[in-house]
Protein chains: 2
Amino acid sequence: MSCTSEYASQLRARGFRMTSQRLAILHALRHAETHLSPREVYIQAKQELPGLTEPTVYRTLEFLAENGLARTSQTGNGHLRYQIAGNDHHHIVCRICGDEMEVDHALLERLYHKLESDSGYMRIDSHMTFFGVCPQCQ
Amino acid sequence: MSCTSEYASQLRARGFRMTSQRLAILHALRHAETHLSPREVYIQAKQELPGLTEPTVYRTLEFLAENGLARTSQTGNGHLRYQIAGNDHHHIVCRICGDEMEVDHALLERLYHKLESDSGYMRIDSHMTFFGVCPQCQ
DNA sequence: AAGGTTATTGCAAAAACTTGCAATAAGGTT
DNA sequence: AACCTTATTGCAAGTTTTTGCAATAACCTT
Ligand SMILES: [Mn+2]
Ligand SMILES: [Mn+2]
Ligand SMILES: [Zn+2]
Ligand SMILES: [Zn+2]
């Protein structure tokens with residue numbers, strides 16, 4: 001839709017191609033305001049592109065994450081979920097009831113700088129999920 | 001081995017039971033100095049207890065993590081790995097070469113306090129994995 | 001607009017992980 | 001030491017995720 005050609009040229013510049021599958025999956029991610037599981041992405045995107053298969057969804061999501069168009073997040077049980085890339089943020093999730101809350105990146109800014117200078121690692125991924133116990137469940 | 005009875009009573013106190021399967025799996029985790037995948041745990045523990053099955057390994061690892069005897073960590077592709085519970089620490093992993101480095105919890109102490117007071121969440125899990133680009137790969 | 005290169009997909013099969021349920025055995029009670 | 005309760009396991013079957021490879025189609029070049 002909107003940023004379609006933006007995405008396309010971004011990929012082409014790196015020697016990749018824009019495909020109907022990638023577009024359909026990007027649409028699904030853009031329309032969701034939350035994180036989606038690969039299965040949910042598949043269901044959504046298949047409506048736009050009926051021939052779409054699940055292996056392609058898995059591979060595409062991984063590809064989009066590697067290339068900065070999507071971000072991954074971890075659920076408690078270790079399953080990946082995906083979200084369109086946008087402003088930096090993090091999550092804190094209740095390990096009892098699953099309640100989720102967004103955490104602004106500003107809160108981690110200082111830590112990230114310290115991490116970078118201490119470890120020498122750079123470009124640390126800014127989409128973390130912390131697990132704790134929410135106020136209700138305490 | 002060493003802390004066997006310690007583990008046993010810890011579980012019994014909560015209405016759970018110590019079993020040969022749980023012991024074999026705890027041994028496997030104790031002897032490993034790194035994180036293990038469920039498959040690796042299965043291979044190791046099966047040597048000590050040949051009848052062990054994979055579903056039991058998955059269920060047991062989840063059980064041990066829930067009860068504080070083991071900790072989980074996420075690999076880049078979202079798969080869970082397990083480690084015996086011990087001193088608090090974190091990891092930073094290179095998303096290019098996979099190189100890994102331990103991060104002391106002291107570095108995150110301040111953040112954790114801020115997170116707790118800002119969000120109201122408590123008992124935030126202290127075993128995070130950050131992804132970045134290591135000095136070599138930059 | 002046609003042709004060529006090769007990144008990407010679909011298909012089929014494999015591997016990893018999960019679940020339901022009957023059989024087993026831990027560990028408390030008599 | 002025998003008995004009971006029920007947490008835990010193994011088995012078999014399901015579901016999810018990954019992989020190899022031949023067919024397809026994006027897009028660069030002519
Ligand atoms: Mn997010
Ligand atoms: Mn660790
Ligand atoms: Zn909660
Ligand atoms: Zn590296």
Side-chain angles (χ1 to χ4, degrees), chain A residues 4-28 35-46 48-67 69-70 72-82, chain B residues 4-28 35-46 48-67 69-70 72-82:
Chain A
T4 281
S5 58
E6 176 55 33
Y7 288 142
S9 48
Q10 217 174 315
L11 292 184
R12 255 174 256 139
R14 302 186 210 173
F16 299 120
R17 297 171 185 177
M18 180 51 81
T19 67
S20 57
Q21 290 85 348
R22 285 174 182 171
L23 267 182
I25 288 168
L26 282 166
H27 277 183
H35 305 164
L36 295 180
S37 69
R39 165 55 60 104
E40 288 166 336
V41 170
Y42 173 64
I43 306 272
Q44 294 297 317
K46 197 177 173 78
E48 181 175 332
L49 191 72
L52 186 67
T53 65
E54 265 184 300
T56 295
V57 171
Y58 281 98
R59 282 191 277 225
T60 300
L61 288 172
E62 190 180 348
F63 168 86
L64 294 175
E66 274 170 359
N67 286 281
L69 305 195
T72 60
S73 70
Q74 310 278 356
T75 74
N77 53 169
H79 290 179
L80 282 185
R81 297 168 72 73
Y82 292 84
Chain B
T4 283
S5 58
E6 176 54 32
Y7 288 143
S9 47
Q10 218 174 313
L11 292 184
R12 253 174 258 139
R14 301 186 213 173
F16 299 121
R17 298 170 185 178
M18 180 51 81
T19 67
S20 56
Q21 290 85 348
R22 285 176 182 170
L23 267 182
I25 288 169
L26 282 166
H27 278 184
H35 304 166
L36 296 179
S37 69
R39 165 52 64 108
E40 289 167 334
V41 170
Y42 172 65
I43 307 271
Q44 294 296 318
K46 198 178 173 76
E48 182 177 331
L49 191 72
L52 185 66
T53 65
E54 267 185 299
T56 295
V57 171
Y58 282 98
R59 281 191 278 225
T60 299
L61 288 171
E62 190 180 350
F63 169 85
L64 293 175
E66 274 171 359
N67 287 280
L69 305 194
T72 61
S73 71
Q74 310 276 357
T75 76
N77 52 169
H79 290 179
L80 282 185
R81 297 169 73 73
Y82 293 85

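Quick note on labels: first sequence line is chain A, next is B, and so on, each numbered from 1. Here the structure is a predicted model, which means the values were calculated and not measured.
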### Query
Base, sugar-phosphate, or nothing: which does R59(B) touch, judged by heavy atoms less than 4.0 Å apart?
base

### Query
Can you check the E66(A) CD to dA7(C) C1' distance for me, whole Å?
14 Å

### Message
Between the base of dT6(D) and the side chain of R17(B), is one N or O donor paired with an acceptor at under 3.5 angstrom?
### Response
yes

### Message
Can you tell me if R12(A) touches the phosphate of dA26(D), counting only side-chain N or O atoms and a distance under 4.0 Å to OP1 or OP2?
### Response
no

### Message
If you apply the rule side chain to side chain contact (heavy atoms under 4.5 Å, CB included), what do you find for R81(B) with T72(B), and how did you get there?
### Response
CA-CA 6 Å; R81(B) 297 169 73 73; T72(B) 61; over 6 Å; no

### Message
What is the distance, to the nearest angstrom, from the CD atom on E62(B) to the C1' atom on dT8(D)?
### Response
14 Å

### Message
Check the phosphate of dT18(D) against Y58(A), side-chain N and O only, distance under 4.0 Å to OP1 or OP2. Yes or no?
### Response
no

### Atom-to-atom span, OH of Y7(A) to P of dA26(D) - whole angstrom
20 Å

### Task
Would you kindly compare S20(B) and E54(B) by the position of their nearest DNA chain C nucleotide and give the one closer to the 5′ end?
E54(B)

### Query
Could you give the CG-to-P distance, from L80(B) to dT17(D), as a whole number of Å?
12 Å

### Task
Measure from the side chain of T53(A), starting at C-beta and using heavy atoms only, and say which of dG10(D), dT9(C), dC11(C) lies closest.
dC11(C)

### Query
From T56(A) OG1 over to L61(A) CG, what is the distance, rounded to the nearest 0.5 angstrom?
10.5 Å

### Whole-Å gap separating P (dT16(D)) and CZ (R39(B))
20 Å

### Query
Taking atom OG of S73(B) and atom NE2 of H79(B), what is their separation to the nearest 0.5 Å?
12.5 Å

### Message
Measure CG/L23(A) against C1'/dT8(C) and give the value in whole Å, please.
### Response
14 Å

### Task
Please figure out whether A8(A) or N77(B) has its closest DNA chain D nucleotide nearer the 5' end.
N77(B)

### Query
OP1 or OP2 of dT9(C) less than 4.0 angstrom from a side-chain nitrogen or oxygen of T19(A), does that happen here?
yes

### Length of the line joining R22(B):CZ and dA7(D):C1', which is rounded to integer Å
8 Å

### Query
Is there a side-chain contact between L69(B) and L11(B) (heavy atoms, below 4.5 Å)?
yes

### Summary
Between P55(A) and F16(B), the residue closer to the 5' end of DNA chain D by nearest nucleotide is F16(B)

### Task
Indicate yes or no for a side-chain donor-acceptor contact from R22(A) to the backbone of A8(A) under 3.5 Å, with no hydrogens or angles considered.
no

### Message
Can you measure I25(A) atom CD1 to dT8(C) atom P for me and round it to whole angstrom units?
### Response
13 Å

### Query
Closest nucleotide of DNA chain C for Q21(B) versus for H79(B): which of these residues is on the 5' side?
H79(B)

